[in-house]
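Heads up: the structure comes next, in structure tokens.
Here is how names work: the chains are called A, B, and so on, in the same order as the sequence lines, proteins then strands, and each is numbered from 1.
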2 protein chains.
Amino acid sequence: MTNLKRSTCPIANVLDLVGDRWSLLIVRDMLLHNKHRYGDFLAADEGITTNILADRLKRLEQYGIIEKTPYQHNPVRHDYHLTEKGRNLKPMMMEMVDWGLKYIPGAGPR
Amino acid sequence: MTNLKRSTCPIANVLDLVGDRWSLLIVRDMLLHNKHRYGDFLAADEGITTNILADRLKRLEQYGIIEKTPYQHNPVRHDYHLTEKGRNLKPMMMEMVDWGLKYIPGAGPR
DNA sequence: CGGGATCCGTCTTGATACTG
DNA sequence: CAGTATCAAGACGGATCCCG
């Protein structure tokens, strides 16, 4: 995954930020499943591994899609929350849900 | 990119099909730019390479998102078109455009 | 000549072990 | 339990080759 802008096309730009197999699943967990902690994301059905999760959280934060706030010190622990930018991914994700439910056999709630 | 279903979550399922940096750009070219031939896709701004393009066309066809029809024989040449399944990705892609235009500086038409 | 396959170096992914 | 280090396996990207 690159950080460079490939073009000025907004679709390409969006794919540069979240066009991988994991980022939007983390957003989904925060947006639809009220999950906000590292262990919550690790426990999702898809089984993301720790190195990928840590990397994606870092990237999403850099992109301004999520932000972290400490809820405990020594050792420090964070809650991860969507920013407004992140929350506004919801319409796009709901269209993904609609399309998936309609066209992918076996896709379904929970 | 894997072919396996990671879960029954429709968002994860969609990402399994088109959650990479190139597939949706090919769909975009067909859907919004009236491009239907191999060379058209190669000429897009983002500069996809031939091996990736050939692979993605194959996958999108397997997934029933596009289909190819010959427009010439000896040597055989194809037009690539979206199926109904592929065309119905439009609402999702329009949401991507809206979000990209709103939140990614420098994103813009053409 | 244009579609697309192949080869190869590099970067990314994903599993697992490890650290605080 | 959150996050890092390590390393093998695979995907990517570039160049070139092949075939009609």
Side-chain angles (χ1 to χ4, degrees), chain A residues 1-7 9 12-13 15-27 29-30 33 35-63 66-81, chain B residues 1-7 9 12 15-27 29-30 35-63 66-81:
Chain A
M1 294 178 60
T2 184
N3 290 322
L4 297 155
K5 254 181 152 57
R6 287 177 289 177
S7 72
C9 169
N13 297 156
L15 293 173
D16 284 341
L17 300 194
V18 296
D20 71 284
R21 289 171 67 249
W22 295 107
S23 297
L24 287 181
L25 295 184
I26 299 171
V27 173
D29 282 347
M30 295 190 226
H33 297 156
K35 296 183 173 182
H36 300 285
R37 298 189 178 175
Y38 197 90
D40 294 335
F41 306 133
L42 273 186
D45 286 347
E46 291 84 8
I48 191 171
T49 54
T50 63
N51 53 347
I52 303 287
L53 175 57
D55 179 73
R56 293 303 185 275
L57 288 172
K58 209 169 293 174
R59 290 175 45 111
L60 289 171
E61 191 188 5
Q62 281 171 10
Y63 296 152
I66 68 174
E67 56 196 1
K68 59 180 181 186
T69 57
Y71 68 88
Q72 169 191 302
H73 301 278
N74 201 0
V76 64
R77 294 285 179 264
H78 298 282
D79 277 314
Y80 296 91
H81 278 275
Chain B
M1 294 178 59
T2 183
N3 289 322
L4 296 155
K5 252 180 151 59
R6 289 177 288 176
S7 72
C9 168
L15 293 173
D16 285 341
L17 298 194
V18 296
D20 71 283
R21 288 172 65 249
W22 294 108
S23 298
L24 287 181
L25 295 184
I26 299 171
V27 173
D29 282 347
M30 295 190 225
K35 298 183 171 180
H36 301 284
R37 297 189 179 175
Y38 197 90
D40 295 335
F41 306 132
L42 273 186
D45 286 347
E46 291 84 8
I48 191 171
T49 54
T50 64
N51 51 350
I52 304 287
L53 176 57
D55 179 72
R56 293 303 185 276
L57 289 172
K58 209 171 293 174
R59 291 173 44 110
L60 289 172
E61 192 188 5
Q62 281 171 11
Y63 296 153
I66 67 175
E67 54 195 2
K68 58 181 182 185
T69 58
Y71 68 86
Q72 169 191 302
H73 301 278
N74 202 358
V76 64
R77 294 286 178 261
H78 298 282
D79 277 314
Y80 297 91
H81 278 274

Q. Can you find a side chain N or O atom of A/Tyr38 that sits less than 4.0 Å from OP1 or OP2 on D/dT4?
A. no
Q) At under 4.0 Å between heavy atoms, what does A/Phe41 touch on the DNA or RNA strands: base, sugar-phosphate, or nothing? A) nothing
Q) When the distance from CD of B/Glu46 to C1' of D/dG13 is rounded to whole Å, what number comes out? A) 15 Å
Q. Does OP1 or OP2 of C/dG4 have a side-chain N or O of B/Lys58 closer than 4.0 Å?
A. no
**Q.** Audit row: B/Leu53, B/Leu57, side chain to side chain contact (heavy atoms under 4.5 Å, CB included) steps and yes/no
**A.** CA-CA 6 Å; B/Leu53 176 57; B/Leu57 289 172; 3.9 Å; yes
Q) Is A/Arg37 near enough to D/dC1 that one of its side-chain N or O atoms lies under 4.0 angstrom from OP1 or OP2? A) no
**Q.** First of A/Arg77 and B/Leu42 reached from the 5' end of DNA chain C, by closest nucleotide
**A.** B/Leu42
Q | Under 4.0 angstrom between A/Trp22 side-chain N/O and C/dG14 OP1 or OP2 | A | yes
Q: Mind checking A/Lys68 for me? I need base, sugar-phosphate or nothing, with any heavy atom below 4.0 Å counting as a touch.
A: nothing
(Q) Does C/dT12 have its OP1 or OP2 closer than 4.0 Å to a side-chain nitrogen or oxygen of A/Arg56? (A) no
Q: Tell me which nucleotide among D/dT4, C/dG14, C/dG4 gets nearest to the side chain of B/His78.
A: C/dG4
Q: Measure from the side-chain N and O atoms of B/Tyr38 to the backbone N and O of B/His78, and report whether any donor-acceptor pair falls under 3.5 Å.
A: no
Q.
Looking at A/Thr50 and C/dA15, is any side-chain donor or acceptor paired with a base atom of the opposite kind under 3.5 Å?
A. no
Q: Considering only NZ, NE, NH1 and NH2 on the basic side and carboxylate oxygens on the acidic side, decide whether A/Lys68 and A/Asp79 come within less than 4.0 Å.
A: no
Q | Side-chain N or O of A/Tyr80 closer than 4.0 Å to phosphate OP1/OP2 of D/dG3 | A | yes
**Q.** 5' priority, DNA chain D, between A/Asn51 and A/Tyr71 [closest heavy atom]
**A.** A/Tyr71
